[in-house]
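Down below is the structure, laid out as structure tokens.
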Amino acid sequence: CGRCASATGPPSSERRATIDYYPLNSLLSGEHRDEESVRTVLRAHLRAQSPDLTAGAIDALVERTARSEPIEASITTLSAEFRRHGIGRVDLVKIDVEGAELDVLAAIAADDWAMVDRFAIETHDAGRTEVVRTLLVRHGFVVTVDETPELRALECATVHAVRPHAPMGGARSPDAEPMASWITPA
């Protein structure tokens, strides 16, 4: 995407960085990628999506798609983007940054947390999922964690967080039903 930027670093940081770009599987691209964990995720994904593939076929596909090349990228923060675009309220922040979710959340300025109604965050590994859940609860969100068998096979989870006052559908009206009324905390 032409406007893509990674959101990491201290709340005021904007910088250039070298990231590992996977041209045949760009969703794996990111800063500080561990080649072996990339291969592990690819293997698990291929096994889950194509159970009929042989181990040899999976290894060949992993070998072909797990090749990265370094590229220079702009790194910014959500808070910097909120300010740059004059954003005062956010219905949903979706974070899928292949293991850098804590960096993104840590870079949200203290005053900016209150403007976000909802988060949907893909996390990688159980320890990181619990840290994300705890952080969101501390900032006043009702949190659920989705760990379907498919996500568990990839060592992932999806964390959903909503403010108790956030209306369903994103419309803020006095009679809107709060989303928290139909979400059960984890």
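Within the 3.5 Å criterion, the main-chain N or O of His124 finds a donor-acceptor partner in the side chain of Glu101. The backbone N or O of Ala57 lies less than 3.5 Å from a partner atom in the side chain of Thr54, making a donor-acceptor pair. A distance-only check finds a donor-acceptor pair linking the side chain of Arg118 to the backbone of Asp91 [under 3.5 Å].
Within the structure, the salt bridge (Lys or Arg N to Asp or Glu O under 4.0 Å) test picks out the following pairs touching residues 63-72 (sequence neighbours left out): Arg39-Glu63.
Looking only at atom types and distance, the side chain of Thr77 has no donor-acceptor partner in the side chain of Glu81 under 3.5 Å away. A donor-acceptor pair shorter than 3.5 Å cannot be found between the side chains of Thr65 and Asn25.
Between Leu135 and Val132, the closest side-chain pair of non-hydrogen atoms is not below 4.5 Å. Contact annotation: the side chain of Val162 never approaches that of Asp117 to less than 4.5 Å [non-hydrogen atoms, C-beta and beyond]. Proximity of Thr158 to Ile121: side-chain heavy atoms (C-beta onward) are nowhere separated by under 4.5 Å.
Here SG of Cys156 is found 10.5 Å from NE2 of His45. Values are rounded to the nearest 0.5 Å. One finds the CG atom of Asp103 at 11.5 Å from the CD1 atom of Ile108 (value rounded to the nearest 0.5 Å). Going from atom OG of Ser74 over to atom CZ of Arg15 covers 10.5 Å, rounded to the nearest 0.5 Å.
Listed by chain and number, the residues in a ring pair (Phe, Tyr, Trp, His ring centres under 6.0 Å) with Phe141 are Phe119 (sequence neighbours excluded). For Ser29, the side chain to side chain contact (heavy atoms under 4.5 Å, CB included) partners are Tyr21, Tyr22, Ser26, not counting sequence neighbours. Residues meeting the side chain to side chain contact (heavy atoms under 4.5 Å, CB included) test with Ala60, sequence neighbours left out: none. In this structure, Arg16 has no salt bridge (charged side-chain N to carboxylate O under 4.0 Å, His left out) partners at least two apart in sequence or on a different chain. Under the salt bridge (charged side-chain N to carboxylate O under 4.0 Å, His left out) criterion, Asp59 pairs with Arg43, sequence neighbours left out.
Across all non-hydrogen atoms, the minimal contact from Asp112 to Ser79 is OD2-OG, 2.5 Å. Of all the heavy atoms in Ile58 and Arg47, the pair that sits closest is CD1-CG, 3.5 Å. Nearest heavy atoms, Met115 versus Gly88: CB-O, 3.2 Å. Closest heavy-atom contact between Glu147 and Ala157: CG-CB, 3.6 Å. When every heavy atom of Leu105 is checked against every heavy atom of Trp113, the shortest pair comes out as O-CZ2, 3.5 Å. His160 and Ala120 make their closest contact through ND1-CB, 4.3 Å (heavy atoms, listed as atom of the first residue, atom of the second, distance).
Criterion: ILVMFWY side-chain heavy atoms under 4.5 Å apart, direct or through other members. Under it, Val116 and Leu92 are not part of a common hydrophobic cluster. Residues Leu24 and Ile19 do not share a hydrophobic cluster, clusters being chains of Ile/Leu/Val/Met/Phe/Trp/Tyr side chains in contact below 4.5 Å.
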- Message: Run the side chain to side chain contact (heavy atoms under 4.5 Å, CB included) test on Val159 and Val143 for me, step by step, so that the C-alpha distance in whole Å, both residues' side-chain angles and the decisive distance to 0.1 Å come before the verdict.
- Response: CA-CA 7 Å; Val159 179; Val143 180; 3.6 Å; yes
